[in-house]
Amino acid sequence: MKFPEYLFNFCEGEEKQETKAIVVILMGLPGSGKSTFCDHVMRSSSRPWARICQDTINNGKSGTKLQCLSSATSALKEGKSVLVDRCNINKEQRVDFLKLGGAKVEKHAVVLDFPAKLCISRSVKRTGHEGNLQGGKAAAVVNQMVPKKELPKLAEGFARINFCQDEKDVKESINVYGLLGPLDSLPSGCFGNKNSDTKTQLGIMKFLKKVEPSSNAGSEPTISQKLIPNEISPGKDSGLQGTEKASDLTGVAHKKLEEAAAASDDIPTLAFPSISTADFQFNLEKASDIIVEKVEEFVGKIGKAKLVLVDLSHKSKILSLVKTKAEQKNIDTHKFSTFVGDITRLRSLKGLHCNVIANAANWRLKPGGGGVNAAIFSAAGSELDIATKEKADCLSPGNALVVPLPSSSPLFTREGVTHVIHVLGPNMNPQRPDCLKDDYVHGSELLRKAYTSLFEGFSSIVRSNIEVHYTNDDHKLKREAAYEFDENKKYKGCEQDTQPGLSDFRDVRKIPDEKVSLETTKTWGSWAQALYNIAMHPENHTKVVLETLDDVVVMNDAYPKAKRHILVLARAKGLDSVADVHIEHISLLKSMHDVGLKWAQKFLNEDKSLSFFRLGYHSVPSMRQLHLHVISQDFDSGHLKNKKHWNSFNTPFFIDSVDVIKELDEVGKVTLKNDKFLSMELRCHKCKSAHPNIPRLKAHISSCQASFPTDLLQNSRLVSSEDITYFCE
DNA sequence: GTTCTAGAAC
DNA sequence: GTTCTAGAAC
């Protein structure tokens with residue numbers, strides 16, 4: 001079949017226009033974050049990418065360089081750009097990839113140049129690595145690789161090289177490639193700092209004063225130096241300033257400026273409209289007081305993140321009121337500012353990147369109506385409507401609902417908005433539903449609550465991003481932030497909100513969490529709610545509850561797996577498991593531990609034959625509500641019936657309470673273990689001998705005379721009667 | 001989390 | 001034949 005010539009020409013023309021595929025060759029030691037880099041770029045990019053990963057190319061297992069080359073060639077033929085995710089540690093390793101696609105395909109290098117020590121510690125600690133490179137083996141591989149390391153040079157055939165030496169550099173680089181549209185190209189040359197010799201100790205260089213942070217040893221200026229003529233600082237003034245600066249630039253330069261601004265200044269930022277003051281006619285003086293009060297409360301809690309109050313008009317009274325009051329209170333202008341602009345066009349028109357925007361929603365969470373709500377729903381496309389409907393049907397005043405924005409939404413691609421937080425404030429307008437008339441006591445209370453919910457929602461997103469940032473190497477974490485607050489938390493619908501009698505019903509009707517989340521959020525079956533119900537209403541469960549305190553409830557495990565097995569439940573809402581634990585929970589964990597110790601001591605005093613207790617958490621618990629197991633080490637119980645029972649207390653799946661507290665204190669997060677440990681072979685917890693089945697194992701442990709392994713004897717992981725006499729009552 | 005049970009392992 | 005595991009249902 002012969003195609004008409006015009007069609008052929010058309011196709012050819014199309015192809016020429018679209019073939020801007022590039023090959024990005026990553027370079028870095030195992031544990032340097034190459035795969036994470038790829039994940040982030042591919043998630044935010046509108047350009048088609050293929051990740052060629054040697055660790056998984058062989059049907060999920062590690063393959064050969066040849067397989068990588070062939071797979072990359074196919075991807076290029078399909079018009080995809082390629083991320084070469086392998087170590088590519090020296091020139092020899094890279095040379096064949098530089099030939100891919102011939103001269104017309106640009107080759108870029110992204111160098112993740114972190115100290116070997118850091119890479120080793122990351123790759124040793126990780127579990128579930130795609131290429132199974134973890135533990136001691138990883139350390140050996142990294143050490144072997146270090147001497148062979150050879151940084152890439154433009155002369156090898158690279159059009160562009162990005163050197164990254166810290167997380168900030170990596171983030172910038174992710175932004176540069178993540179924002180690269182299908183037809184865009186990037187400036188050539190070397191970007192970022194590179195050490196001429198990474199083996200040189202930085203300390204010595206500093207001592208000799210030979211290192212200047214901004215010097216590039218002959219390489220070209222960094223992207224920020226090159227592309228940003230002046231710092232864009234929306235924090236200092238209204239948006240006009242930024243526009244004026246940008247207006248001198250050509251269209252292309254303007255675009256680059258935005259990219260650079262996004263890349264260099266990607267601090268989490270929430271843009272929010274004034275709630276309730278437009279259509280809901282809330283008194284502006286009162287509203288501005290509440291905004292400033294709540295902003296002041298939250299700027300201290302959100303780290304580096306920023307809050308920006310946005311209104312369309314220069315003449316906005318609420319904006320000027322808030323600005324004046326914020327100045328009077330000396331609120332840090334880097335953390336909080338007011339901004340004039342369209343909340344749906346902040347990046348594209350004003351160069352202000354806000355990754356989260358708040359919507360002054362209506363109670364039905366529906367598009368339309370006018371004002372900010374109409375504008376946001378219209379700018380975000382049907383994606384926002386669908387994503388919102390998946391999470392809730394309606395919203396009651398004072399509440400907020402965090403909705404992760406699908407990457408296909410125009411608001412995501414054009415403005416870089418990753419989340420929309422719907423907020424419903426109080427209504428003072430008699431023409432609208434639920435009018436409070438002039439009840440400003442209730443109205444102010446609701447408006448405060450609305451801002452609290454909004455800022456808490458934002459702060460969870462920030463926290464979640466940080467967590468991803470730190471743990472992605474270990475967990476391949478692809479968690480999306482999504483938190484709801486108060487009555488809306490994790491439930492769909494709000495009809496029951498005003499009916500207290502149904503509160504228990506609501507406890508068990510948890511809707512499966514957002515589908516995008518993978519490892520750390522999970523769906524709890526109705527049977528998994530029991531501990532939650534007990535923690536919330538211990539007075540209704542006196543048969544099992546041993547002790548009720550302000551922050552914890554102590555109870556007998558309903559199916560004890562040893563002679564003594566109790567649970568210490570946290571009473572805080574929103575703490576389903578260790579995965580939800582953050583640094584601010586450390587004092588709660590310590591008090592759970594202390595209460596657990598006290599009970600262990602009591603049991604040891606009552607029955608000396610119990611000898612030892614262990615206190616710890618399951619990495620992935622079956623029951624909702626954070627609970628600490630306090631369990632005697634005899635494991636003499638008819639309820640201990642299967643492999644999962646045994647392994648959940650006798651493999652690294654069980655994390656000692658002392659280690660959880662230590663890691664939280666030192667690293668700020670807790671590393672969870674894979675549930676693959678649950679299917680491991682059965683081994684005696686003392687002598688470590690293996691046994692074919694549970695009955696044989698139980699027969700063995702009932703008579704094993706060995707002492708506990710040394711790791712358990714350290715750091716008070718095992719509790720015996722000698723350890724904790726000072727807790728004795 | 002448990003219970004139930006089919007079928008694998010012995 | 002009995003014992004034991006593992007997956008589904010709750």
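Results of the side-chain contact (heavy atoms from CB on, under 4.5 Å) test with A/Y532 over A/H627, A/R571, A/R624 single out A/R624 as the only residue that passes. A side-chain contact (heavy atoms from CB on, under 4.5 Å) with A/H422 is found for one member of A/L384, A/L454, A/N399 and no other, namely A/L384.
Against DNA chain B, the stretch residues 683-691 of chain A makes no heavy-atom approach under 4.0 Å. DNA chain B is contacted by A/K641 of residues 625-641 of chain A, taking any non-hydrogen atom closer than 4.0 Å. Of the residues in residues 559-571 of chain A, those with a non-hydrogen atom less than 4.0 angstrom from any atom of DNA chain B are A/Y559, A/K561.
Note on A/K598 versus A/E547: salt bridge recorded, some NZ/NE/NH1/NH2 to OD/OE distance being below 4.0 Å. Between A/E456 and A/K301, no side-chain nitrogen of the basic residue sits less than 4.0 Å from a carboxylate oxygen of the acidic one, so the salt-bridge criterion is not met.
A 4.0 Å heavy-atom criterion places the boundary nucleotides of DNA chain B facing chain A at B/dG1 to B/dT3, written 5' to 3'.
Between A/H639 and A/Y559, the two ring planes are perpendicular [angle over 60°; tilted spans 30° to 60°].
Judged by the 6.0 Å distance and 45° axis criteria, A/K34 is not positioned over the aromatic ring of A/F37.
Sorted by first and then second residue, the salt bridge (charged side-chain N to carboxylate O under 4.0 Å, His left out) pairs with a member in residues 611-620 of chain A read A/R614-A/D656; sequence neighbours excluded.
Residues A/S702 and A/H700 have side chains that never bring a donor and an acceptor to within less than 3.5 angstrom of each other.
For A/K641, the salt bridge (Lys or Arg N to Asp or Glu O under 4.0 Å) test picks out no residue, with sequence neighbours left out.
With a 4.5 Å cut-off on side-chain heavy atoms, A/H419 and A/N355 do not count as touching.
A/L531 comes within 4.0 angstrom of nothing in the nucleic acid, heavy atoms only.
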